[in-house]
Amino acid sequence: MNQLLFEGRSLVGIVSSVIRQDDLRVAYSRLDWERMFRLADFHKVSNIVYLGILGKGDSLPDKWRDRFFERYQEALLFGENCKEQVKEILTWLDMREISCTVLTYEYIRDFYKIPEMAYNNALQILLDEENYFYAKGYLIDLGYEIDQNYKGMGERMNKVSGISVMLYTQLPFRTAKYIKNMTRLLETAINKEPYHYIRMLPPESEFIYRMAGAAYRYVMDELTLREVLDLLHFHIIWRDELHHEAVKKNLADFQIEDLAGKILRISYMWFGDKKDNYFQNQLDDMSVYDVLEDRLLTKGIINHESDEQALRLQSIIERDIEKERKQENRELRREKWEKKKEQAMKKVRWAFPDYHYMSSIYPSLEKTPALLPVFWVVRGVRLMLRVFTK
């Protein structure tokens, strides 16, 4: 078996055994724990893996056991502080009448049976440009620093022992269809008590947002096991209250209803309760899920994509990225041309100064402005003589 797939499936097995609280045999001694840590860190499940390796004796080096423990401690500390920090930030925004939409926040932690299995989920806020800079300045005053820049869309800000905050001025998606449907989805956001200017998505809209986001990040090879886990927990909590036909129709507007459905289904296959019969129909062809699993677990290194919706979305995104790249290249060429033009004009202005400058050097020019070209020649000859007589 490909080593990447072996490690990826082992990671799913460890996380699944902890989530389901059952016993799963994993060949711990065969794993490269440095690579496993990096893979678990990418998928944001290192704190869960720590719970899975407890009591495994000498199965892994102390160095990597300690690294997993650090992630577990971070999750514990985050759980103690996150609610108050989120409340502090949202209260500050509300008191200053800064209108914004909260896309996701930490409450998904409450859906995990064991709180420390949850992740340090970021507070994601969408604001207009003016309020964006107010909010960013406030976070900087609190000790936050820019951790990542999303070009033209926003930034992620972090601080030691603090929550992660993502500030957006534009939704982090490409393609006209995605932006149009996401914008329409955000129109369903409502004011959340006790706030007056803070809007949040109702459960059905948030579920659609999460599903569409998962499908988008899947074709970008950025989808993580944590996002799949959060999607599962969110669906389990709200599925009896969702209008499933409306959800499917909305996802069809994105043209990802089948792809998103596969991601939700594989979340149940990996991490769901085996006694949960939500997906009652048996699958005739499991190969499509093998393709999805291979791509997700190897971050796109193994890619035999066959889903038509995934291929179409990926093609549109790549086309948009290429269009943006060409536009940036045109802008760079234009800037270079402007710079060369400016440098050339400086040389021309130096060689042929304007009337006011020349009349300050040659006062007689004031009486005969028409002789400006003659004085340019005089000045040029004087400069040349000065060079040659040195």
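- Looking only at side-chain heavy atoms (C-beta outward), Asp32 and Met36 stay at 4.5 Å or farther from each other.
- Ring centroid separation for the pair Tyr138 and Trp92 comes in under the 6.0 Å cut-off.
- A salt bridge does not link Glu222 with Lys299: none of the charged nitrogens is closer than 4.0 Å to a carboxylate oxygen.
- Interatomic distance, Lys136 NZ to Ile125 CD1, rounded to the nearest 0.5 Å: 14.5 Å.
- Annotation: cation-pi geometry not satisfied between Arg156 and Tyr150 (NZ/CZ under 6.0 angstrom from ring centroid, within 45° of ring axis).
- Using modelled atom types, one side-chain atom of Asp320 and one backbone atom of Thr175 make a donor-acceptor pair closer than 3.5 Å.
- Between Glu331 and Arg334 there is a salt bridge, since a side-chain N of the basic residue sits under 4.0 Å from a carboxylate O of the acidic one.
- Put simply, the side chain of Leu139 reaches to within 4.5 Å of the side chain of Leu167, judged on heavy atoms.
- Salt-bridge check for Glu328 with Lys151: passed, with a basic side-chain N closer than 4.0 Å to an acidic carboxylate O.
- One finds no salt bridge joining Asp94 and Lys87 here, because no Lys/Arg side-chain nitrogen approaches an Asp/Glu carboxylate oxygen to under 4.0 Å.
- Ring-plane geometry between His244 and Tyr278 is classed as tilted, the angle between the planes lying from 30 to 60 degrees on a 0 to 90 degree scale.
- Close placement of the Tyr268 and His235 rings is indicated, their centers lying within 6.0 Å of each other.
- Of the charged side-chain nitrogens involved, none lies within less than 4.0 Å of a carboxylate oxygen, so that Asp273 and Arg20 do not count as a salt-bridged pair.
- Taking the six-membered ring where tryptophan is involved, the planes of Phe68 and Phe37 are perpendicular, since the angle between them exceeds 60° and thus also 30°.
- Ring geometry, Phe111 versus Tyr107: the interplanar angle exceeds 60°, so the pair is classed perpendicular (tilted spans 30 to 60°).
- Among Leu311, Ile316, Ile256, Leu259, the one residue that satisfies the side-chain contact (heavy atoms from CB on, under 4.5 Å) test with Val219 is Leu259.
- Of the candidates Arg71, Arg35, Arg67, Asp41 forms a salt bridge (charged side-chain N to carboxylate O under 4.0 Å, His left out) with just one, namely Arg71.
- Remark: Pro202 pairs with Thr188, Ser205 by the side chain to side chain contact (heavy atoms under 4.5 Å, CB included) rule, at least two apart or across chains.
- For the atom pair OG (Ser99) and CZ (Arg199), the distance works out to 3.5 Å, reported to the nearest 0.5 Å.
- Remark: Asp253 engages Arg184 in a salt bridge, criterion side-chain N to carboxylate O under 4.0 Å.
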